[in-house]
Amino acid sequence: MAETLVKKFVVTRFDPDKDEAPRTESYEVPCHPDWKVLDALNHIKDEIDGSLAHRWSCRMSVCGSCGMNVNGQPTLTCKKAVSDLPDTVEVTPLANFPVVRDLVVELDGFMEKLKSVKPWIIRAKEKAVEEGPMRQSQAELEEFKQFSMCINCMLCYAACPVVANEPEFLGPAAIALGHRYSVDSRDEGAAERNEIFRGEGTVFACSYANECSEVCPKHVDPAAAVNQAKFNAVIDWAAGLVLPRGGKE
Amino acid sequence: MRAAIAAVEADPDISVALVSKVYPMRSHTVSAEGGAAGVAREDDSLEMHGFDTVKGSDFLGDQDVIQYFVEHAPKELTRLEHWGCPWSRNEDGSVATRAFGGMSTKRTWYAADKVGFHMLHSLFQHSLRFDRIVRYDEQFVTKLIVDGGQVRGVTALDIREGVVRCILGRAVVLCTGGAGKIFPFTTNGNIKTGDGMALAYRSGVPLKDMEFVQYHPTGLPGTGILITEATRGEGGHVKNKDGERFLVTRDYGVGKKAELGPRDMISRAIVQEIEAGRGIDSQYGQYALLDLTHLGEEKIDSRLPMVRELCKIYAGVDPVYEPIPIRPVVHYMMGGVDVDIDGKANGVSGLFAAGETACVSLNGANRLGSNSLTECLVFGARSGLSAVNFAKGASAGDDAALAKVGEAEQGRIDALRGKQGGGETLAGIRGDMQKAMESGCGVYREEATMQQTVRDIAELEGRYANLSLEDSSKVFNTEIVAALELENMLDCARAVSNSAASRNESRGAHTRRDATARDDVNFLYHTLCHFDPAGPRLDKKDVTLGRWEPEERKY
Ligand SMILES: Cc1cc2nc3c(=O)[nH]c(=O)nc-3n(C[C@H](O)[C@H](O)[C@H](O)COP(=O)(O)OP(=O)(O)OC[C@H]3O[C@@H](n4cnc5c(N)ncnc54)[C@H](O)[C@@H]3O)c2cc1C
Ligand code: FES
């Protein structure tokens, strides 16, 4: 067995049934050098304190469950190596979300936001299966592929200064996912989504801080999506002034 | 999710409760990398896909099911294309397909190497358009409510609030995934604890063919993170410590298919190489190598970007320059809830199952890679429709009586929460269960160790009764969820070990050192495992043949 690194984990604890306010608890954890932060949290739960609450599942950076703030940075805990961190590691719930318990935050708000951007293919007439798959060129696929990589891990919301001030802000991931469909060659719903994006608290509320793209573990670049969505929403609106019914189609 | 969409599309008057213990987009389908099979090319045929699947199953697949599957596979994959799945494309814009183990031609649709992720998110996002699909996120189903042989709904623990509610319905479709977590070394995520199998089993539905557990040849040592078969589909080589491509140079039964042989055979080959002293030592045990270096950076980045990322983060290896350390890892349960071609569960009316939790007998003794994502769509849709048809004619239950079931469940959960028991820990029992399963139900099995595992698991059930828990909070108590999951896993582990010990032959993924041949005279049947308070009771069921006669499985 390789040598272990002993690290101190300072973890936020909060049980609304018992605690008036969040508190912290410290654990000395003997970490295997290959461990990620999530392994250390699981060690705490299995061996030291079974009452710690945190979410995880895939442990391979794809299910999006395990986002937390680690030493202040929004982080996928199953991706971040303990060996890259100082001797004291502070783990807190993702910022900018209501806390349910310990390291678990409430995501229902995001689920509503996501639905509101209509993240599905909209077509005037749906294709029948018998017609076979639609064609899509490599270039057309590239238009939206990056934005379709979002794993809904919520790190971008935790990093976003606008969400911090206005919790109602649609936010990076939801905008990126709405935009992802608008720029998909198979979709005809851009006009509908542009209408949504022209509403209050959506794309124009973004202050170009770019923090979202910096923390994104999947290189989705939500900031680019927000910018493109802004541009399209404006163009679409300007076109609407000259065309009778406006928009694409 | 596919079942829910099929149901609301079929009948404008119904609504569907989509209950999941995690947010639906966290489901473990998200981690599937390689692809989904469905005939797409001119040089392919339904006949070929059918035969490949039958042969892959070592003739234990039901042939009517396989025929239905191959026919509907391209349709379902096309439907998902219309719903926005970003399938990778050929030059001309048509959907691209790649080679996969045991498939005789390129028929696996892919979206780079994040296929499950894209399929799941496409389906989930598409499902959001239906207001009649009502989500119950982070609700843990603890029991099927069965009354007079008919299912009336489920009881679910609201993880956030700690209360148990009855979710009533005229039909229930279980799509709860596999049970890889009964083993220590697995590609499966934390949530794959066989809950649906245990729920059905406890309600009187037998579990079928549970002895067939698929080992994937290429997992990262230590974590068990999967390196997809698409690496071999794209031309990767498996090597021993001497750099020898032993699937080519030695006779492991895969013939000219070499690295594109089926999983059971390649896993066995790797174990044999290691046993012959041609593995490489590490702190995580011996391993072999998967070499992609000859594919070049461009191909790896366009076709296998996730593999490169996973190797860098979780193995400290960049596959563009170095071979990847790999060893066989528990991956997939061929067995599951015994259902017929409609998805209808054997023995409880109104209950249906699809996906990995079900055993519709598509996969028999060994699943071919990329058939199971498609299976989720094809039989998800079919069981959704079956459920609607059943629900139309079904009577409603007596709500007051059913509510009593909920109260009883609430009582059980309350008693379990923070329970002061005899000092047994979750991690202790779980670890011992996983060790026992690995020792008796590994790649190679034999009588004595299987029987030992049977006894060990039975004993662990006794220890479970002495479980002590620490978390007494009602709010987001993940410890109690883990305790319920462990109970379910013990049921699955018992079914797997008992079924395995009863099959005295080698077929597909069930390989015995002490009975090395397949025995069609005595064992060409499905194993059924029934719940009995005295211990699992085994039974048999015929295999549906018809189109293809069993023959020696050689590639
Ligand atoms: C790493 C990996 C890679 C794979 N790659 C491929 C591939 O390339 N091609 C292929 O064809 N197959 C692949 N497979 C297999 C395939 O992905 C799975 O068989 C399939 O995704 C299972 O889907 P499912 O819908 O049955 O279950 P899951 O996706 O696991 O979903 C189960 C759902 O049930 C819910 N649930 C479970 N228990 C409860 C409960 N008690 N209460 C409430 N909800 C519950 C869960 O929350 C979840 O939402 C792979 C598997 C793994 C692990
Ligand atoms: S556990 Fe799935 S992303 Fe970390």
Side-chain angles (χ1 to χ4, degrees), chain A residues 1-2 15-18 34 36 45-47 49-65 79 81 100-102 104 106-108 111 114-115 118-121 123 126-127 129 131-138 140-141 144-145 148-152 177 181 184 186-187, chain B residues 22-23 25-28 30-31 40 75-79 81-84 86-89 91-95 112 114 116-118 121 125-129 135 137 160 189-191 222-223 225-226 283 306 309-310 313-314 316 418 425-427 469-479:
Chain A
M1 194 74 176
D15 178 351
D17 275 355
K18 297 191 197 116
D34 289 350
K36 309 297 181 206
K45 181 151 184 82
D46 283 348
E47 307 294 337
D49 185 347
S51 71
L52 177 67
H54 64 289
R55 289 192 185 102
W56 69 288
S57 174
C58 73
R59 55 79 180 94
M60 56 189 275
S61 323
V62 69
C63 77
S65 306
K79 188 176 177 191
V100 178
R101 162 118 189 246
D102 296 347
V104 176
E106 141 120 50
L107 300 186
D108 292 352
M111 298 299 265
L114 178 61
K115 184 171 176 176
K118 307 192 175 176
W120 52 77
I121 297 277
R123 293 179 64 88
E126 284 201 25
K127 280 246 174 205
V129 169
E131 295 174 68
M134 294 180 246
R135 295 212 170 221
Q136 189 161 59
S137 70
Q138 201 55 40
E140 287 167 335
L141 177 61
F144 72 91
K145 199 171 114 195
S148 73
M149 299 292 187
C150 171
I151 62 171
N152 303 179
L177 285 165
Y181 283 93
D184 186 324
R186 298 166 292 185
D187 178 81
Chain B
V22 294
Y23 284 97
M25 70 281 185
R26 313 288 189 219
S27 306
H28 202 59
V30 80
S31 69
K75 296 181 192 161
E76 281 297 324
L77 295 171
T78 299
R79 193 166 270 129
E81 196 276 339
H82 294 174
W83 293 348
W87 298 118
S88 293
R89 303 286 171 159
E91 287 281 315
D92 65 356
S94 60
V95 172
K114 302 185 180 182
F117 164 77
H118 284 302
H121 281 254
Q125 288 163 10
H126 184 78
S127 80
L128 292 174
R129 71 194 299 165
R135 286 200 335 271
D137 299 336
R160 209 174 302 172
N190 186 43
I191 57 178
T223 57
I225 288 172
L226 177 77
Q283 55 177 326
M306 175 140 134
E309 186 186 320
L310 290 172
I313 302 172
Y314 298 101
T425 65
L426 279 175
L469 297 176
E470 295 172 46
D471 190 352
S472 54
S473 173
K474 286 189 115 180
V475 184
F476 220 94
N477 185 327
T478 52
E479 191 190 40

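In what follows, every chain begins at residue 1, and chains take the letters A, B, ... in the order their sequences are listed. Not measured: the values here are computed from a predicted model.
- When the ring pair (Phe, Tyr, Trp, His ring centres under 6.0 Å) test is applied to B:F117, the partners found at least two apart in sequence or on another chain are B:H121.
- Here the CG-OG distance, from B:L469 to A:S51, works out to 11.5 Å after rounding to the nearest 0.5 Å.
- Judged purely by atom type and a 3.5 angstrom limit, A:R186 has no side-chain atom pairing as donor or acceptor with the backbone of B:H82.
- For the pair B:K114 (side chain) and A:V62 (backbone), a donor-acceptor distance under 3.5 Å is absent.
- Interface summary for chain A: among B:I191, B:V95, B:D471, the most heavy-atom pairs under 4.5 angstrom belong to B:D471.
- Neither the backbone nor the side chain of B:L426 comes within contact range of chain A, judged by heavy atoms closer than 4.5 Å.
- Proximity to chain A is absent for every atom of B:T425, based on heavy atoms less than 4.5 angstrom apart.
- Between the B:R26 side chain and the A:G64 main chain, a donor and an acceptor come within less than 3.5 Å of each other.
- Comment: A:E106 engages B:R160 in a salt bridge, judged by a side-chain N to carboxylate O separation of less than 4.0 angstrom.
- The greatest number of non-hydrogen atom pairs below 4.5 Å with chain A, out of B:E91, B:H28, B:M25, B:E76, is found for B:M25.
- Residues forming a side-chain hydrogen bond (donor to acceptor under 3.5 Å, both in side chains) with A:K45 (at least two apart in sequence, or on another chain): B:T478.
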### Criterion side chain to side chain contact (heavy atoms under 4.5 Å, CB included) on A:R59 and B:N190, from CA distance to verdict
CA-CA 8 Å; A:R59 55 79 180 94; B:N190 186 43; over 6 Å; no

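- Of the possible donor and acceptor atoms, none in the side chain of B:R89 sits under 3.5 Å from a partner among the backbone N and O of A:Q138.
- Looking only at distances, no side-chain donor or acceptor of B:E470 sits under 3.5 Å from a matching main-chain atom of A:D49.
- For chain A, the option among B:L310, B:D92, B:V22, B:L77 with the highest count of heavy-atom pairs below 4.5 Å is B:D92.
- For B:D137, the part lying near chain A is the side chain, with the backbone staying farther off; criterion is any non-hydrogen pair under 4.5 Å.
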